[in-house]
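One structure below.
Chain letters run A, B, ... following the sequence lines, proteins first, then strands; residues in each count from 1. The figures here come from the full heavy-atom set of this structure, side chains too, leaving out hydrogens, waters and symmetry mates.
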There are 2 protein chains.
Amino acid sequence: MNKNNVNKSVTMRDVADHVGVSVATVSRTLRNPEVVSPAVRDKIAAAIESLGYLPDPAARALASTRSDIIGVILPSVSNNVFADVMDGIYSAVEGTHHSVQLGYSRYAPLSEENLIRVFLRQRPAGLIVAGIDQTEAAQALLREAGCPVVQIMETGSTPYDRMIGFSHYDAARAATAHLIAQGYRRPGFLGARMDPRTQRRLHGFRDELRAHGIEEGKRIQTTTRPSSVTLGSHLLAQLMDLAPETDAIFCINDDLALGAMFEAQRRNLRIPDDLGICGFNDMEMMAAAEPSISSVRTFRREMGEGAVQLILDALSGSATQEKIVDLGFQVIQRRSTRGH
Amino acid sequence: MNKNNVNKSVTMRDVADHVGVSVATVSRTLRNPEVVSPAVRDKIAAAIESLGYLPDPAARALASTRSDIIGVILPSVSNNVFADVMDGIYSAVEGTHHSVQLGYSRYAPLSEENLIRVFLRQRPAGLIVAGIDQTEAAQALLREAGCPVVQIMETGSTPYDRMIGFSHYDAARAATAHLIAQGYRRPGFLGARMDPRTQRRLHGFRDELRAHGIEEGKRIQTTTRPSSVTLGSHLLAQLMDLAPETDAIFCINDDLALGAMFEAQRRNLRIPDDLGICGFNDMEMMAAAEPSISSVRTFRREMGEGAVQLILDALSGSATQEKIVDLGFQVIQRRSTRGH
DNA sequence: AGGCGTAATGTAAGCGGTTACATTCGTCAA
DNA sequence: TTGACGAATGTAACCGCTTACATTACGCCT
């Protein structure tokens with residue numbers, strides 16, 4: 001009840017004294033209750049409650065050479081794709097005794113490597129990293145991290161430990177195939193922040209075009225600048241100026257797609273007849289847009305949840321054999337590509 | 001150079017032995033270099049580098065009864081308003097020896113209270129919490145947190161410690177005044193997730209209407225459901241069905257505004273003539289939309305950066321007298337309210 | 001030359017838990 | 001009744017660092 005003495009720092013010692021046992025017994029009822037007698041266990045639980053005891057994570061980490069922290073290293077704070085992943089991660093961590101420590105690499109491999117080192121120093125319970133494009137040194141660190149490591153966002157053939165995501169290459173091919181199936185013959189490509197992950201999407205796009213014997217012409221517009229809706233507008237403008245024959249576009253993400261749609265409207269291009277649009281990720285707004293915009297749905301929240309679950313399973317020894325979890329994707333057709 | 005022995009755990013002991021000094025000296029050169037002789041200091045620095053030593057944060061926290069953690073408690077992961085704040089926070093923390101620990105209350109005051117307790121247990125370097133609507137117990141905890149506490153997102157009269165944000169009430173009044181100044185006489189209000197913060201925006205809206213002698217009629221549509229673009233469409237549909245006289249709307253945030261715009265387009269309402277639209281926050285997409293959408297710009301990144309800075313200042317004793325930093329806001333007129 | 005002050009470093013006691021090992025206690029078989 | 005054994009609990013070392021205090025070394029003054 002009297003939980004307000006956080007500042008006075010109720011320690012395990014206090015709990016032990018209050019009950020009349022040793023701190024070891026208190027520690028045991030917290031870590032493996034089954035070895036302490038029910039009577040004592042109950043008294044200790046009551047004391048913990050009434051004193052408002054909360055364990056000190058630093059002390060615990062120091063003594064057990066293992067912290068409760070699950071480290072998460074992502075490229076970007078503000079990209080809402082990662083916000084969804086984080087949502088999944090936090091909700092999966094909730095109710096466990098773990099806590100999350102977040103680091104942002106800002107799409108810089110060296111910065112990521114450094115974060116890995118710093119995180120590893122805390123002997124984390126597990127580590128979640130995005131993608132498969134780590135530096136050599138980072139790869140080495142992750143391979144012998146001494147804790148479960150989960151790569152998210154992508155699948156690939158050689159996980160350091162475990163992996164949960166989907167194939168960006170396949171997803172891009174499927175989206176492109178969709179455009180072609182809808183009768184578009186001159187599809188273009190809009191890409192921003194062309195990191196390795198988005199490059200794989202570009203490969204998928206190109207390969208699918210090639211498979212259909214379609215020339216790409218000048219219809220691939222990319223930039224290294226970070227993605228935004230405004231940028232989507234700019235890229236479409238560029239594209240239409242350079243390659244007016246373009247009859248559809250596959251956008252690397254939904255922000256670009258939305259911006260492209262606005263720009264198309266400004267140019268009085270009719271969607272989907274003059275221009276088909278397909279985004280990537282299927283953020284919530286795509287369904288609400290006018291016209292609604294087709295996109296490739298990805299399972300971001302599930303990725304976050306799944307990653308945490310993989311770690312918890314590994315920790316509890318109940319891990320499965322599967323090293324790679326492929327969550328797949330789903331091309332969602334809407335009005336922007338002649339849907340509905 | 002040989003930085004790869006993270007797993008072998010290079011400790012301060014190793015560094016000390018390598019140089020031939022005591023661990024105390026190593027600790028000192030890390031915490032207050034000025035008390036150790038330059039010669040020794042350099043040798044230690046070299047050893048740290050060559051052994052790849054990284055301090056153990058748990059041990060440090062335990063020994064110094066003060067961790068390097070800046071705790072941040074926000075209501076939501078996925079709301080991109082907070083993503084911008086986080087961006088500011090992380091960029092301000094970068095380069096310091098602090099780290100960020102994030103907690104999400106999911107808009108539940110009790111959950112927030114609990115997070116505060118847990119965070120305080122780690123004796124954080126500082127604490128950042130959102131808003132001013134804490135439970136009684138949480139308030140008490142924050143008042144005697146024993147570390148700098150910064151409330152962000154809002155200003156109010158009684159900070160627990162320090163505060164950086166703006167007045168939601170004033171911002172809403174200004175937006176409403178803008179609509180009225182643009183000639184709209186029957187403005188409506190769209191709100192989702194009506195928590196105390198958005199309630200204050202509603203008050204501002206109402207008071208401004210009253211100041212102009214305008215009846216609000218049935219033009220206030222709110223819901224407790226979380227905000228989304230789709231919801232913006234629904235709310236506008238409801239609003240226009242119930243109060244067809246509505247000639248403008250002030251939306252609690254930009255997602256709603258965007259959804260409302262799409263719905264207006266579906267209903268063939270001309271923007272800005274049949275319907276004026278003003279959003280809130282001025283996310284990037286508002287400028288790119290077709291038509292571009294007016295909004296109230298808020299300084300979210302600056303809020304995050306500023307909050308961290310306030311903590312760092314307090315920690316270094318260089319804090320100013322000002323307890324409250326008002327970052328203000330800015331009504332940005334665009335085509336959706338007859339701008340440009 | 002002896003004494004003293006100061007700067008630089010060392011010593012050792014924690015910080016709050018965990019855990020291997022020791023001890024105690026009750027129970028049951030002989 | 002006694003000894004053995006397992007369950008429950010206690011003892012104490014230790015995790016890696018910080019820091020108050022003790023010690024040493026050195027230069028300077030009288």
Quiz prompt | Terminal axes of the helix from C:dA1-D:dT30 to C:dA30-D:dT1 (five pairs each): angle between them, nearest 10 degrees | solution =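 Inter-axis angle at the termini of the helix from C:dA1-D:dT30 to C:dA30-D:dT1: 60°.
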
Practice problem: Mind checking ring-ring contact (aromatic ring centres under 6.0 Å, His included) for A:Phe166 and listing every partner two or more places apart, or none if nothing turns up? | Solution: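 For A:Phe166, the residues satisfying ring-ring contact (aromatic ring centres under 6.0 Å, His included) (neighbours in sequence not counted) are A:His168.
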
Self-check item: Residues which pass ring-ring contact (aromatic ring centres under 6.0 Å, His included) with B:Tyr107, listed by chain and number, not counting sequence neighbours
Solution: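 Partners of B:Tyr107 under the ring-ring contact (aromatic ring centres under 6.0 Å, His included) test: none.
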
Does either side chain, that of [X] or that of [Y], offer a donor lying less than 3.5 Å from an acceptor on the other one?
{"X": "A:Thr135", "Y": "A:Glu113", "result": "yes"}
{"X": "B:Ser64", "Y": "B:Arg31", "result": "no"}
{"X": "B:Ser91", "Y": "A:Arg106", "result": "no"}

Using a cut-off of under 3.5 Å, enumerate the N/O to N/O pairs linking the protein to nucleotides 22-27 of chain D.
none

Exercise. Kindly indicate whether the side chain of A:Val81, heavy atoms from C-beta on, has any atom under 4.5 Å from the side chain of A:Met153.
Key: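 A side-chain contact exists here, since the closest heavy-atom pair is under 4.5 Å.
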
Quiz prompt | Charged N-O contact under 4.0 Å between A:Arg60 and A:Asp56 | solution =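 No, no charged N to carboxylate O under 4.0 Å.
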
Quiz item: Below 4.0 angstrom, N of the basic side chain to O of the carboxylate: do B:Asp87 and B:Arg301 qualify?
Solution: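 Yes, B:Asp87 and B:Arg301 are salt-bridged.
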
Quiz item: Reading nucleotides 10-22 of chain C 5' to 3', which nucleotides get B (base under 4.0 Å from a protein heavy atom), which S (sugar-phosphate only), which -?
Solution: BB--BBBBBBB--

Quiz item: Which atom names give the shortest non-hydrogen contact between A:Asp161 and A:Val149, and what distance separates them?
Solution: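 Minimum heavy-atom separation between A:Asp161 and A:Val149: OD2-N, 2.8 Å.
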
Self-check item: Any pair counted as ring-ring contact (aromatic ring centres under 6.0 Å, His included), so long as it reaches residues 59-92 of chain B, sequence neighbours left out
Solution: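 Every pair satisfying ring-ring contact (aromatic ring centres under 6.0 Å, His included) with a residue in residues 59-92 of chain B: A:Tyr104-B:Tyr90.
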
Self-check item: Rounded distance (Å) that lies between atom C1' of C:dA8 and atom CD of B:Glu34
Solution: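 The distance from CD of B:Glu34 to C1' of C:dA8 comes to 13 Å, rounded to the nearest Å.
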
